[in-house]
Amino acid sequence: FAGTLFATGALADRFGRRRILLLGNAGFALASLGCGLAWDGPSLWLARAAQGAMSALFITGALATTSLSYPATVPNLRARAVGIVGVTGGAAGEFGWRWIFLLNLPICAVNEWAVRRVITETRDDAGRPLDLIGVALLTLAIALPVQALLHEGSAIWRWSGVALGAAMAVLLALQQKGRSQPMLDVALFTRRAPLGIIALLFSISAGYWAMLVYLPLWLQATYDLDMQSTGFAMLAATLPMLALPPLGVRLTRVYGWRANFTGGMLLLAVGMAALA
């Protein structure tokens, strides 16, 4: 997903945001069907990889279309649109693992109908060129440390993977800096606001999202809960993602982004401390 996301902006500029949105939606539907029909581990992993690539296409087209439809000159409408995106991103159901994927099919069908009916095509003929070397470097920079940290092995093996990933990140920065139209503007990492957003997103990823991965395993191992009971218990962590984005939009309009970020991170810290 992350590696493909790096290239999809250039693809959307060149071939059209609506076209990339439709391609990502159709590809995600087919990949979801492949997940739901998977017969073993490798077939599921391959379908999941296809899901990641297609979701990158879909999300790039969707966010670009949202930005064009709700420009910064109407911040209230844009904030409301982003809040709706947050609601749909937090909504999920669990009716057996295959249905997690198969439920995507009717949603993708509605997406197809709505996009063709409502969205007009836009493109930027002078957009950035596709940078396959940059995509490869970014993918390696992410995949090598993750592979090393998630699998058992000696400390030398793990730190070698982390070091190789860091080396790929440095090469990526140098490669992007030398391009006239980089897909990743390295100068962003020298500005306070982007660095603050990066720190915010990293904190959420390392804290809340990591907790969502490991908390179900802990509930099953410690309290001997079955999968259905564990899924019900996890509603305490997932239902707020469905209910709170519209409230967050209103709070942002009243108190501003800085106060909203600070309050959200404080609540996250209190919740993690209570869990610990």
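With a 4.5 Å cut-off on side-chain heavy atoms, Asp185 and Arg191 count as touching. Between Leu102 and Leu105, the closest side-chain pair of non-hydrogen atoms falls below 4.5 Å. Side-chain atoms of Ser43 and Asp40, non-hydrogen and from C-beta on, do get closer than 4.5 Å to each other. No side-chain heavy atom of Thr8 sits under 4.5 Å from any side-chain heavy atom of Phe58. The closest side-chain heavy-atom distance from Tyr255 to Asn260 is not below 4.5 Å. Between Ile198 and Phe189 there is a side-chain heavy-atom pair separated by less than 4.5 Å. Residues Val115 and Arg18 meet the side-chain proximity criterion, which asks for heavy atoms closer than 4.5 Å. Two residues are said to be in side-chain contact when any heavy atoms from C-beta on lie closer than 4.5 Å; Phe101 and Leu44 meet this criterion.
Heavy-atom minimum distance, Gly3 versus Val135: O-CG1, 3.5 Å. Nearest heavy atoms, Gln51 versus Asn104: NE2-ND2, 3.7 Å. Across every non-hydrogen atom of Gly34 and Ala47, the tightest pair is C-CB, 3.8 Å. Across Leu23 and Met54, no two heavy atoms sit closer than the pair O-SD, 4.0 Å.
Atom CZ of Arg48 and atom SG of Cys35 lie 6.0 Å apart (nearest 0.5 Å). Between the CZ atom in Arg258 and the CZ atom in Phe261 there is a gap of 10.5 Å [rounded to 0.5 Å]. One finds the CG atom of Leu172 at 9.5 Å from the OG1 atom of Thr139 (value rounded to the nearest 0.5 Å). Taken to the nearest 0.5 Å, the CZ atom of Arg19 stands 11.5 Å off from the OG1 atom of Thr122. Rounded to the nearest 0.5 angstrom, Met234 CE and Thr230 OG1 are separated by 9.0 Å. To the nearest 0.5 angstrom, Thr4 atom OG1 is 11.0 Å from Ile59 atom CD1.
In the hydrophobic cluster analysis, where Ile, Leu, Val, Met, Phe, Trp and Tyr join through side-chain heavy atoms closer than 4.5 angstrom, Ile119 is grouped apart from Ile20. Hydrophobic clustering of Ile, Leu, Val, Met, Phe, Trp and Tyr side chains at less than 4.5 Å, counting indirect connections, unites Leu150 with Val213. The hydrophobic cluster containing Val270 does not contain Met211, counting ILVMFWY residues as joined when their side-chain heavy atoms lie under 4.5 angstrom apart, directly or transitively. No single ILVMFWY cluster, assembled from side-chain heavy atoms under 4.5 Å apart, contains both Met183 and Val186. Follow the hydrophobic side-chain contacts under 4.5 Å out from Leu132 and you never reach Leu137; the two are in separate clusters.
Within a 6.0 Å sphere centred on CG of Leu217, heavy atoms belonging to other residues, nucleotides or ligands number more than 12. Atom CG of Asp226 has more than 12 heavy atoms from other residues, nucleotides or ligands within 6.0 Å. Atom CZ of Phe1 sits in a crowded spot, with more than 12 heavy atoms from other residues, nucleotides or ligands closer than 6.0 Å.
Partners of Thr222 under the side chain to side chain donor-acceptor pair (under 3.5 Å) rule, at least two apart in sequence or in another chain, are Trp218. With sequence neighbours excluded, the residues forming a salt bridge (Lys or Arg N to Asp or Glu O under 4.0 Å) with Glu112 are Arg116, listed by chain and number. Remark: Arg179 pairs with Asp131 by the salt bridge (Lys or Arg N to Asp or Glu O under 4.0 Å) rule, at least two apart or across chains.
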Practice prompt. Go through the steps to decide whether Met265 and Ile204 satisfy the test side-chain contact (heavy atoms from CB on, under 4.5 Å), and finish with yes or no.
Written response: CA-CA 8 Å; Met265 294 300 288; Ile204 294 174; 3.9 Å; yes
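Of the possible polar contacts, one joining the Asn25 side chain to the Cys108 backbone as a donor-acceptor pair under 3.5 Å is found. Put simply, the side chain of Glu121 gets close to the backbone of Arg17: a donor and an acceptor are under 3.5 Å apart. Looking at Thr60, its side chain never comes within 3.5 Å of a backbone N or O of Leu57 through a donor-acceptor pair.
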